[in-house]
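Within every chain, numbering begins at 1; the chains are lettered A, B, ... in the order of the sequence lines, protein sequences first and strands thereafter.
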Amino acid sequence: MSQEFCFACPRPLDQQETIQLAHGGGGRLMQRLIEGLFVPAFAGGAPRGPLHDSSVVEVREGRLAFTTDTFVVDPIFFPGGDIGKLAVCGTVNDLAMSGAVARWLSAGFILEEGFPIESLCRVVESMQRTAAAAGVQIITGDTKVVDRGKGDGVFINTAGIGLVAPGIEISPDRVRPGDAVLVSGDLGRHGIAIMSVREGLQFEGALDSDCDCLGELVSAICARGAAVHCLRDLTRGGLAAALNEIATAAAVGIEIDESAVPVAPQVAGACEILGLDPLYVPNEGRLVAMVAADAAAAILEIMRAHPAAPQPALVGKVTDTHPGGVELRGGLGGRRILDLLSGEQMPRIC
Amino acid sequence: MKYVDEYRDPERARRLAESIRRLVTRPWSIMEICGGQTHSILRFAIDEMLPKELTLIHGPGCPVCVTPIEILDKALAIAARPEVTFCSFGDMLRVPGSGKDLLTVKSEGGDVRIVYSPMDALRLARENPDREVVFFAVGFETTAPANAMAVAQAARLGLRNFTLLVSHVLVPPAITAIMESPQCRVEGFLAAGHVCTVMGTAEYERLAERFRVPIVVTGFEPLDILHGIQMCVRQLEEGRAEVENPYARSVRAEGNPAARRQVFDVFEVSPRKWRGIGEIPASGLRLRPEYAAFDAETRFGVAHLAADEPAECIAGEILQGLKKPHECPAFGLRCTPEHPLGAPMVSSEGACAAYYRYRRG
């Protein structure tokens, strides 16, 4: 499928402007939704073969990565993205964090009765555009419709399969004391962008979500081969959650220099006003990398050359003290624990 | 970030800490009143910059922490009613009452909303005339003006579906209670800058004179706090007991008369229970009789509810500065942010939660 692919929303689908229960009922209306919307969008009008219960793909020998994620963002459309873009990027990114190149996705939709078909078209188109840009194909899917009031417009699940090139081993197991800790860009944009829309908060200067596919960036980083030990995309719980998970899984300590962590002024300002810590605010297009210290400078250079890494930075190092814990060195020189939060800083975001 | 970075400058912080070290000749105990200051002190590890002779005692100025358990039980009872939309600041949602918390009530079907201002709740009431909208009016003198304004506007608009569950407390009576306690160890106070922005400093002059205790009006950024400590220590070392205001970029001696007028148009001073401390006379605010129609306690018949604090929680001793959070046998074991025994473990401004988050292990 080409990146220039474009399709016109086939509205009205059978004169309906909103999703009806029958759109998930297995009958004609559902067939029209599949043939009128999903197939033209995802298969470029030409399915890979006759529509069937599952898709079959050819793989040569090697290793596959497989992951799944479900997306329930409110609002569905937000500055810098929408639930469709999020659903593709999220799964592509999860695959990339194992060093896998995403190839095939599934897309499962749970639609609420009454959801505007025009909105569904926009979401589907956004998924297609994002998938094409990331070089991944959406090859199977499913739709269910729930009664009005029993959903929240649209929920999307994507599962993905990616190929892991020989020689790539990316896992918390490989994190070693002395590793450098890098982040690919400034933190907290997604969480604050969502919040600003949801709560009607106005900030000086527009703020877009960082929602983005990191597959190409990871491929570029992985050109450094064995020096790349572990990658993690920073979603719910932000950098703090990712570091805590890695520190626990790898039984190492991590030290972060707070003043080295890039945060956009609008995000920092919003966090100050709302009493939030940007280190815990969700992102949807940022990663943290644990890499061999002697390769850190070169990998930072690779990141700097890549549009998906707008403000890469060396933010800390892996240590052999306090295994399982993350310590933050503050701007004033004091040290404190960077712990997991017991709940969310904000209600449901992604 | 402008107006923030200047007050977090490491070099100036180091110089202030150094000057405090030179001033101190003997041990002193200083209480920061406000939970926001406690949070900053632990977040920026300010206490670690200070000479060992100085002890910072974390005061009762966290509204979430001092809200008594029976007010929470009242909130839970009201929020569970089918006709009610219950609006609260986010921090209150996880504070346990006798049984559950507001998040549990929400998961059981209660219409519980996080709002950022009482005006959001007022808007909900206007937009949903068939719902009973209740705002959980918690806080010190800082949140009182906006809450009073919401009630005054509701009255002007003739809204009959908007009420307040009031749990307002005042700082000066708490300082009096702490100073009158026989176990009191506090020798100087950092007053809460934002409270003084509203109320001014006159009441603190009386307290400083009566208890012979220095009171320094202090802000919330690291340099503000270090500056406050420095001035407090200088007074202690020189044997002075005055009110000083290094936070003049926000606080004027007369406070904000318009905000204060709004507060006392709608509220009157009343006795209040403080979680872990008990009832302190004239230490809170309640709605004036002419605004009784906006009182959620009467509207929903919960005024009679009473409850006891969990026996194991030593919140009272923590909030009076008699013990540090990690000296509690339950700290980090039976009492964690996931399963708090008391409110100081819940709010990010609570001393126990701040210790748990920044200092465990």
Side-chain angles (χ1 to χ4, degrees), chain A residues 74 149 186 188 195-196 198-205 240 244 247 253 257-260 262-280 321-349, chain B residues 1-5 7-14 16-17 35-36 39-50 89-91 93-94 101 103 106 112-117 120 123 220-223 225-226 336-340 345-349 353-361:
Chain A
D74 171 33
D186 62 317
M195 206 169 180
S196 63
R198 187 151 64 193
E199 312 296 349
L201 304 171
Q202 303 284 325
F203 302 116
E204 214 173 293
N244 271 282
D257 177 0
E258 190 172 26
S259 57
V263 179
Q266 304 100 304
V267 172
C271 285
E272 277 302 321
I273 289 165
L274 298 168
L276 306 173
D277 186 335
L279 299 180
Y280 292 90
T321 52
H322 56 83
V326 182
E327 230 183 41
L328 193 74
R329 212 167 46 250
L332 301 185
R335 283 163 190 274
R336 61 179 164 96
I337 301 172
L338 189 64
D339 200 7
L340 281 178
L341 291 185
S342 48
E344 290 181 58
Q345 276 202 123
M346 286 165 271
R348 207 187 79 196
I349 276 179
Chain B
M1 197 184 344
K2 203 159 161 49
Y3 306 121
V4 172
D5 290 342
Y7 300 101
R8 293 183 185 174
D9 178 60
E11 181 49 33
R12 289 178 64 196
R14 201 193 52 73
L16 271 170
H39 189 95
S40 279
I41 286 167
L42 289 158
R43 179 176 169 200
F44 295 101
I46 292 169
D47 51 340
E48 290 180 1
M49 304 174 78
L50 299 175
F89 293 131
D91 256 9
L93 264 55
R94 284 178 41 238
D101 57 24
L103 278 181
K106 181 169 185 278
V112 177
R113 314 261 183 109
I114 294 179
V115 294
Y116 295 90
S117 150
D120 295 342
R123 185 177 44 77
F220 302 88
E221 292 299 324
L223 294 191
I225 292 172
L226 283 164
T336 63
E338 287 79 25
H339 298 284
M345 188 52 104
V346 177
S347 164
S348 61
E349 294 186 5
Y355 267 72
Y356 187 88
R357 186 159 161 190
Y358 296 133
R359 280 300 154 73
R360 200 158 28 99

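A/R198 contributes a side-chain N or O that, together with a main-chain N or O of A/D74, makes up a donor-acceptor pair within less than 3.5 Å. Put simply, the side chain of A/R336 gets close to the backbone of B/R43: a donor and an acceptor are under 3.5 Å apart.
For A/A247, the side chain to side chain contact (heavy atoms under 4.5 Å, CB included) partners at least two apart in sequence or on another chain are A/I254, A/V326. Take B/F89 and apply the ring-ring contact (aromatic ring centres under 6.0 Å, His included) test, not counting sequence neighbours, and it matches B/F135.
Interface remark: B/L93 contributes no atoms to any contact with chain A (heavy atom separation under 4.5 Å). Residue B/D9 touches chain A through its backbone alone, counting heavy-atom pairs closer than 4.5 Å. Looking at A/E258, only its side chain comes within 4.5 Å of chain B, counting heavy atoms on both sides.
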